[in-house]
Amino acid sequence: MSDKPIIVWFRQDLRLTDHPALARAIETGRPVVPVYILDDTGPGQWALGAASRWWLHHSLLELAADIERRGARLVLRTGAARAVIPALCAEVGAEAVHVSRMYEPWAAALERDLKADLEPAGVALRRFPGSLLREPEEIATQSGGPYKVYTPFWRALRDLGVPRPPVAASAHIASPARAVGSDDLAAWGLLPTRPDWAGGLRDAWVPGEAGARKRLTTFIASALKGYKEDRNRPDLPATSRLSPHLHFGELSPSTIWHAVASAAGGSGKLDADSEHFLKELVWREFSAHLLFHFPDLPDSPFRPEFAAFPWREDASGLAAWQKGRTGYPIVDAGMRELWHTGYMHNRVRMIVGSFLVKDLLVPWQQGEAWFWDTLVDADLANNAASWQWIAGSGADAAPYFRVFNPVLQGQKFDPEGTYVRRWVPELGKLPAGDIHAPWQAAAATLQAAGVVLGQTYPHPILDHAMARDRALSHYEAVKVKA
Ligand code: FAD
């Protein structure tokens with residue numbers, strides 16, 4: 001057996017369990033060089049956002065410690081991966097490079113380019129599945145094309161049967177005889193310093209594979225039952241909050257699928273809550289499927305008629321939205337939750353998204369960019385597909401006439417106002433009946449709650465009824481069919 005090592009190039013797969021690329025490298029018996037490359041050159045506008053950098057720092061610390069416990073060392077390098085990987089191959093005399101496939105357009109292109117670059121040097125680039133339940137090529141319509149609508153996509157995925165079972169992590173990873181030099185993670189400057197805005201993130205999250213597993217176990221034990229009913233309630237801890245763990249690949253979707261199916265009895269028949277949860281997980285697959293087949297999804301409207309939509313440039317509206325100062329409590333609560341924790345509940349993402357795009361008529365790409373920078377689960381496919389869904393320009397979009405009413409949405413999904421009270425404490429003393437529309441409250445009620453509109457909390461920056469009519473007339477003008 002040659003002792004030429006295999007480089008395992010970690011990207012959005014920061015785990016050791018159910019990692020086919022790593023497992024296969026270990027199986028060969030060769031030494032393994034695990035590497036992570038900080039490469040801001042490839043993705044352009046979609047280089048890692050600030051919240052993602054915070055997460056990455058902590059996740060890499062965990063991954064490095066897990067690798068060390070198995071006898072090897074995570075190598076950190078910076079620069080253009082297309083240059084760093086061949087240089088590292090030459091440095092360690094690699095036999096091959098193993099990667100888990102990615103579906104972001106630049107990442108998939110890079111895999112192809114590197115494969116071609118490395119071949120003449122006799123180094124193989126081997127791509128493995130693991131980040132999705134099914135590879136994009138496994139699911140196609142009868143005519144062989146991509147799905148554009150979720151429900152038939154879900155049926156097609158379900159009809160393929162149970163996804164492959166997860167691969168266990170190896171207890172030992174063999175290292176090359178000579179140590180390989182690595183950057184110092186702290187020197188990468190991924191953490192915010194001046195100011196350190198990450199306090200809320202530290203309180204909310206435990207990045208890394210162990211944190212991800214704990215989150216999954218807790219969710220299955222405490223919130224899976226009732227998920228279908230309660231998942232729309234931002235005031236309840238009713239969803240899994242696995243999204244950043246999934247984005248960074250600290251947990252594979254296959255691991256989640258099998259854990260949920262086995263909690264549901266393992267007979268193959270799922271109860272309504274488990275099925276609903278797995279269907280949400282498959283929205284992630286669907287978004288990846290769309291991005292794979294339509295690489296312009298993050299930048300351009302899927303429906304070309306939207307190119308002519310009369311969006312508005314509204315810097316002050318955008319700033320009020322970003323800061324959580326629109327005067328609509330459920331919108332402001334969501335935007336402040338996002339700023340504080342790097343996360344926002346899905347229902348509230350839909351409400352704030354609708355407010356930006358339909359009430360303010362700000363282009364969806366500006367909301368997408370803000371989310372990209374501030375979400376710890378910022379994910380190109382999920383973010384782009386979701387914003388296009390909200391704007392009505394997406395493949396399987398919300399009908400254009402669906403303009404979320406922020407007051408009714410708040411009353412329905414945060415009936416006691418608990419969520420608003422948590423993130424907009426200046427309204428905390430208002431009764432539940434008034435908290436979602438403080439401008440409609442009686443003067444005495446506002447006074448008793450210590451609320452002075454325009455001073456302690458803003459007046460609404462626009463009138464929703466007016467904004468709704470304006471949006472509908474614009475949407476009708478581009479003749480979008482429902
Ligand atoms: P759960 O309800 O517990 O769902 C489990 C998993 O299923 C999630 O972790 C996620 O991976 C997947 N999932 C659930 N809903 C969706 C969905 N609608 N689309 C795709 N996958 C889904 N999700 C991201 O991961 N990254 C993003 O950048 C992102 N941007 C979004 C932007 C907007 C405007 C909207 C409306 C939604 C966005 N979502 C995004 C989808 C969704 O809001 C989050 O995945 C979800 O809130 C994460 O919370 P959870 O893990 O508790 O979800």
Please answer whether the main-chain N or O of [Y] pairs with a side-chain N or O of [X] as donor and acceptor at a distance below 3.5 Å.
{"X": "Asn232", "Y": "Arg347", "result": "no"}
{"X": "Ser354", "Y": "Ile351", "result": "no"}
{"X": "Arg303", "Y": "Glu305", "result": "no"}
{"X": "Glu209", "Y": "Glu62", "result": "no"}

Sequence neighbours excluded and cut-off under 3.5 Å, please list the side-chain donor-acceptor pairs for residues 277-287, or say none.
{"from": "Glu280", "atom 1": "OE2", "to": "Arg231", "atom 2": "NH2", "distance (Å)": "3.2"}
{"from": "Arg284", "atom 1": "NH1", "to": "Ser131", "atom 2": "O", "distance (Å)": "3.0"}
{"from": "Arg284", "atom 1": "NH2", "to": "Ser131", "atom 2": "O", "distance (Å)": "3.1"}
{"from": "Glu285", "atom 1": "OE1", "to": "Leu133", "atom 2": "N", "distance (Å)": "3.1"}
{"from": "Glu285", "atom 1": "OE1", "to": "Arg134", "atom 2": "N", "distance (Å)": "3.3"}
{"from": "Glu285", "atom 1": "OE2", "to": "Leu133", "atom 2": "N", "distance (Å)": "2.6"}
{"from": "Ser287", "atom 1": "OG", "to": "Trp283", "atom 2": "O", "distance (Å)": "3.0"}
{"from": "Ser287", "atom 1": "OG", "to": "Asn382", "atom 2": "OD1", "distance (Å)": "3.3"}

Would you compute the distance between atom [atom1] of [X] and atom [atom2] of [Y] and round it to the nearest 0.5 angstrom?
{"X": "Ile139", "Y": "Phe292", "atom1": "CD1", "atom2": "CZ", "result": "12.0 Å"}
{"X": "Leu408", "Y": "Ile330", "atom1": "CG", "atom2": "CD1", "result": "11.5 Å"}
{"X": "Asp230", "Y": "Lys225", "atom1": "CG", "atom2": "NZ", "result": "10.5 Å"}
{"X": "Leu246", "Y": "Thr255", "atom1": "CG", "atom2": "OG1", "result": "9.5 Å"}

Using 30° and 60° as the class limits, which term best fits the ring planes of [X] and [Y]: parallel, tilted or perpendicular?
{"X": "Phe371", "Y": "Trp321", "result": "parallel"}
{"X": "Phe306", "Y": "Phe309", "result": "parallel"}
{"X": "Tyr227", "Y": "Phe219", "result": "perpendicular"}

Just checking, is any N or O donor in the side chain of [X] or [Y] under 3.5 Å from an acceptor N or O on the other one?
{"X": "Asp271", "Y": "Ser274", "value": "yes"}
{"X": "Tyr328", "Y": "Asp359", "value": "no"}
{"X": "Gln388", "Y": "Ser393", "value": "yes"}
{"X": "Ser252", "Y": "Ser254", "value": "no"}
{"X": "His247", "Y": "Asp379", "value": "yes"}
{"X": "Glu313", "Y": "Gln366", "value": "yes"}
{"X": "Glu250", "Y": "Trp55", "value": "yes"}
{"X": "Trp188", "Y": "Asp183", "value": "yes"}

Does the Lys NZ or Arg CZ of [X] fall within the cation-pi geometry relative to [Y] - under 6.0 Å from the ring centre and within 45° of the axis?
{"X": "Arg233", "Y": "Phe413", "result": "no"}
{"X": "Arg101", "Y": "Phe128", "result": "no"}
{"X": "Lys358", "Y": "Tyr475", "result": "yes"}
{"X": "Arg11", "Y": "Trp9", "result": "yes"}

Per ring-ring contact (aromatic ring centres under 6.0 Å, His included), Phe302 is matched among Trp364, Trp389, Trp387, Phe294 by Phe294

Side-chain ion pair, [X] and [Y], N-O less than 4.0 Å:
{"X": "Arg127", "Y": "Glu111", "value": "yes"}
{"X": "Glu337", "Y": "Arg241", "value": "yes"}
{"X": "Arg82", "Y": "Asp113", "value": "yes"}
{"X": "Arg421", "Y": "Asp235", "value": "no"}

What donor-acceptor contacts under 3.5 angstrom involve side-chain atoms of residues 428-443, with partners at least two apart or in another chain?
{"from": "His436", "atom 1": "NE2", "to": "Gly410", "atom 2": "O", "distance (Å)": "3.2"}
{"from": "His436", "atom 1": "NE2", "to": "Asp414", "atom 2": "O", "distance (Å)": "3.0"}

Any idea which heavy atoms bring Asp273 and Gly226 closest together, and the distance?
OD2-N, 2.8 Å

Answer yes or no: are there more than 12 heavy-atom neighbours, outside Arg422 itself, under 6.0 Å from its atom CZ?
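Open.
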
CD of Glu138: more than 12 outside heavy atoms within 6.0 angstrom?
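Atom CD in Glu138 is packed in, count exceeds 12.
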
Identify the residue among His289, Gln12, Glu135 that makes a side chain to side chain donor-acceptor pair (under 3.5 Å) with Tyr103.
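So the option named by the test is Glu135.
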
